[in-house]
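Side chains are part of it too, since the values below use all heavy atoms of this structure and drop only hydrogens, waters and symmetry mates.
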Amino acid sequence: MKRYSVEAFGAVADGKTLCTQAVQKAVDFCHENGGGIVEFGVGRYVLSTVFLKNNVHIYLSEGAEILGSLSFYDYAQQEQIDYPIYQDASHTYFDLSMFVGRNCENVSITGKGRIDMRSVWDEDGVRGEAIKHRGPKCIALKECKNVEISGLEIVNVTDLAVYFAGCENVDIYNLTLKVYIDGISPDNSKNVRIHDCDVETGDDGIVFKSSYTLNRLDICKDIHVWDCKIKSRCNALKFGTETNGGFENILIENVEIKDTRITGISIESVDGAVIDGVTIRNVKMQNVNAPIFVHVGKRMRGPSGRAIGKIKNITLENITAAGPYEEYEIMPWNYFSYKANDTRQNPKVFGVAESFDGTKEAEDWQMTSNICGLQESPLENITLRNVHLKLDGGVQEYNRNVPEDAQDYPEVYVYGRILPAKGIYFRHIDGLILENVTVDTYRPDAREDFVFDDVRK
């Protein structure tokens with residue numbers, strides 16, 4: 001495979017000179033001449049937005065570092081959208097990123113180097129309130145095939161770090177991420193493999209989406225995640241909240257989760273998605289507020305006329321959670337958190353959030369795991385096997401009545417942050433199997449281990 005040095009096209013590795021035009025020339029030349037490798041040698045290269053082309057492979061040599069431009073305005077503007085936008089703005093726009101791929105085939109970003117986006121935010125708020133001052137993504141791919149992203153350290157990204165929608169045959173491995181927003185985000189993508197990644201995020205860690213960003217309903221399918229470590233200010237492994245289409249045949253295994261503020265495993269359908277066939281096994285959690293959240297909701301942010309979603313055929317196997325539940329260092333989780341130098345998280349101080357018990361601030365924000373369908377859309381065929389939770393506990397007074405209506409935005413506290421079970425609250429399920437599932441607490445807790453409400457075997 002032919003190799004092209006970015007320096008041969010005018011890039012200067014001095015950590016000061018903006019190299020975007022030179023790198024784009026290298027990519028275009030490589031593509032026009034049948035493809036090959038565009039290589040960054042040892043040094044520091046300042047970059048804004050580069051558009052990938054078919055058969056072009058970006059390679060960062062050991063000792064190569066790409067630095068995001070310190071000017072938000074050096075990046076490409078976000079594109080104009082001429083179809084309905086139902087999803088969050090972060091999942092709508094692709095161009096305002098460092099590496100952008102649209103309808104590309106046989107592309108990769110690999111090597112042994114480092115990408116530092118340098119914490120560049122939209123300080124002026126030109127992207128609008130909906131996107132909350134977020135800056136450029138690092139890697140954004142739309143409807144690409146045969147993709148590899150591997151070997152890199154990626155840090156200080158102020159929007160989604162690795163986001164790909166409508167892509168097929170994607171391999172992501174050996175990445176180390178320390179970023180402010182979501183880490184690795186497959187959206188309506190198929191035949192995806194994610195493994196041997198170390199992900200620390202201010203938002204969600206590895207998060208699966210099925211949004212309307214392709215201007216159609218689609219599905220996440222045939223995805224395998226294994227041998228990853230995740231630390232998250234929000235949710236470590238998550239399905240949602242963008243859930244218009246669906247999710248099928250997803251296996252996640254051998255994952256370590258620690259120091260996570262909200263939920264370790266979160267499976268949500270709130271916009272009509274059908275989630276069918278998810279197995280999550282061999283997961284070890286430490287210092288995670290609520291280990292498990294499975295939820296059907298009816299936010300229904302999407303095309304009109306959609307039926308309420310369904311979740312079925314879910315297996316959670318060989319799952320452990322334990323403390324100690326203690327303060328930890330973590331990435332800020334948005335622009336305002338960053339500006340406040342908010343890098344310490346006490347698991348017992350959640351912050352400001354609405355909850356059904358009327359609380360906005362609380363000094364003991366532990367939350368109850370819950371696995372709940374709706375009366376009109378019960379969960380189907382849910383299996384928990386070899387699940388052992390050792391939780392903080394300490395609750396002596398609590399409300400035994402759980403409301404039927406949930407908040408629109410799905411987090412584990414949608415029905416109230418403290419539920420009448422200290423382990424897991426189950427509701428509206430057709431087909432629940434529990435095998436060797438145990439709960440213990442560090443502090444005495446007056447609640448039952450489990451509560452079952454409208455649950456059938």
Side-chain angles (χ1 to χ4, degrees), residues 1-72 74-76 95-102 104-120 135-141 144 146-158 161-164 170-179 184 196-199:
M1 192 176 292
K2 297 178 181 177
R3 306 180 78 93
Y4 302 92
S5 167
V6 295
E7 291 180 287
F9 291 81
V12 180
D14 61 359
K16 298 178 182 179
T17 304
L18 186 63
C19 299
T20 303
Q21 290 186 355
V23 173
Q24 190 66 63
K25 286 180 182 178
V27 168
D28 294 347
F29 186 87
C30 179
H31 165 69
E32 292 162 3
N33 286 272
I37 298 171
V38 171
E39 185 171 9
F40 290 80
V42 175
R44 307 174 80 217
Y45 304 82
V46 179
L47 206 58
S48 56
T49 301
V50 170
F51 290 88
L52 303 176
K53 301 291 179 67
N54 290 352
N55 305 311
V56 175
H57 303 276
I58 305 294
Y59 184 82
L60 278 65
S61 303
E62 186 171 3
E65 182 175 26
I66 295 177
L67 304 174
S69 171
L70 290 174
S71 173
F72 169 80
D74 282 341
Y75 293 87
D95 287 2
L96 207 163
S97 307
M98 177 174 281
F99 290 106
V100 182
R102 290 177 171 275
C104 294
E105 294 189 13
N106 307 321
V107 294
S108 66
I109 306 171
T110 67
K112 300 179 180 179
R114 187 173 192 263
I115 300 175
D116 184 352
M117 298 294 289
R118 296 202 284 185
S119 307
V120 173
K137 296 176 177 66
C138 183
I139 299 170
L141 308 176
C144 296
N146 305 327
V147 175
E148 179 183 339
I149 304 169
S150 66
L152 305 173
E153 181 184 4
I154 301 174
V155 300
N156 298 323
V157 188
T158 54
V162 179
Y163 175 57
F164 50 102
V170 180
D171 285 285
I172 297 177
Y173 59 96
N174 290 339
L175 294 185
T176 299
L177 274 65
K178 191 170 182 178
V179 298
I184 302 172
D196 295 283
C197 293
D198 192 334
V199 179

Task: Distance in Å, Arg118 CZ paired with Ser71 OG, rounded so as to fall on 0.5 Å steps - done: 11.0 Å
- [ ] Quick one: closest heavy-atom pair of Gly68 and Tyr75, and the distance?
- [x] CA-OH, 3.2 Å
Task: Main-chain N/O of Tyr173 paired with Ser150 side-chain donor or acceptor, under 3.5 Å - done: no
Open item on the list: I'd like to check Val120 versus Leu70 (side-chain heavy atoms, cut-off strictly below 4.5 Å). Are they in contact?
Closed with: yes
Open item on the list: Could you tell me if Asn106 and Asn55 have a donor-acceptor pair between their side chains, going purely by distance under 3.5 Å?
Closed with: yes
Open item on the list: Can you tell whether the side chains of Asp116 and Arg44 come within less than 4.0 Å, N to carboxylate O?
Closed with: no
Task: Interatomic distance, His57 atom NE2 to Tyr4 atom OH [nearest 0.5 angstrom] - done: 12.0 Å
Open item on the list: Testing the basics here: between Lys112 and Leu152, what is the closest heavy-atom pair and its distance to 0.1 Å?
Closed with: N-CD2, 4.4 Å
Open item on the list: Between Leu177 and Cys197, is there a side-chain heavy-atom distance shorter than 4.5 Å?
Closed with: no
Open item on the list: Please identify which of these residues, Ile109, Asp28, Ile58, Val50, meets the side-chain contact (heavy atoms from CB on, under 4.5 Å) condition with Val38.
Closed with: Ile58
- [ ] Rounded to the nearest 0.5 Å, what's the gap from SG on Cys104 to CG on Asn146? Could you check?
- [x] 11.5 Å
- [ ] Determine yes or no for a side-chain-to-main-chain donor-acceptor pair under 3.5 angstrom, with Tyr45 supplying the side chain and Glu7 the backbone.
- [x] no
Task: Test side chain to side chain donor-acceptor pair (under 3.5 Å) applied to Thr110 - qualifying residues, sequence neighbours left out - done: none
Open item on the list: Are there over 12 heavy-atom neighbours, none belonging to Lys53, within less than 6.0 Å of that residue's NZ?
Closed with: yes
Task: Arg114 side chain to Glu153 backbone, donor-acceptor under 3.5 Å - done: no
Open item on the list: Check the orientation of Phe9 and Phe29. Use parallel for under 30°, tilted for 30 to 60°, and perpendicular for over 60°.
Closed with: tilted
Open item on the list: Do Met98 and Val157 make a side-chain contact, defined as non-hydrogen atoms from C-beta onward lying under 4.5 Å apart?
Closed with: no
TODO: Kindly indicate whether the side chain of Cys138, heavy atoms from C-beta on, has any atom under 4.5 Å from the side chain of Val162.
DONE: no
- [ ] Kindly give the heavy-atom pair with the smallest separation between Gly41 and Ala64, and that separation in Å.
- [x] O-CB, 3.1 Å
Open item on the list: Rounded to the nearest 0.5 Å, what separates atom SG in Cys30 from atom CG in Asn54?
Closed with: 11.0 Å
Task: Side chain proximity check, Ile184 to Phe164, heavy atoms < 4.5 angstrom - done: yes
Task: Rounded distance [0.5 Å steps], OG1 in Thr49 versus CG in Leu47 - done: 8.0 Å
- [ ] Could you tell me whether the side chain of Ser61 and the main chain of Phe40 form a donor-acceptor pair under 3.5 Å?
- [x] yes
- [ ] Using side-chain contact (heavy atoms from CB on, under 4.5 Å) as the criterion, list what pairs up with Ala22, not counting sequence neighbours.
- [x] Ala11
TODO: First locate atom CD1 of Ile149, then atom CD1 of Ile154, and finally report the distance between them rounded to the nearest 0.5 Å.
DONE: 7.0 Å
- [ ] Side-chain contact test, heavy atoms from C-beta onward, threshold under 4.5 Å: evaluate it for Phe99 versus Ile66 and give yes or no.
- [x] yes
Open item on the list: Please check this pair: side chain of Thr20 against backbone of Ser48, looking for a donor-acceptor N/O pair closer than 3.5 Å.
Closed with: yes
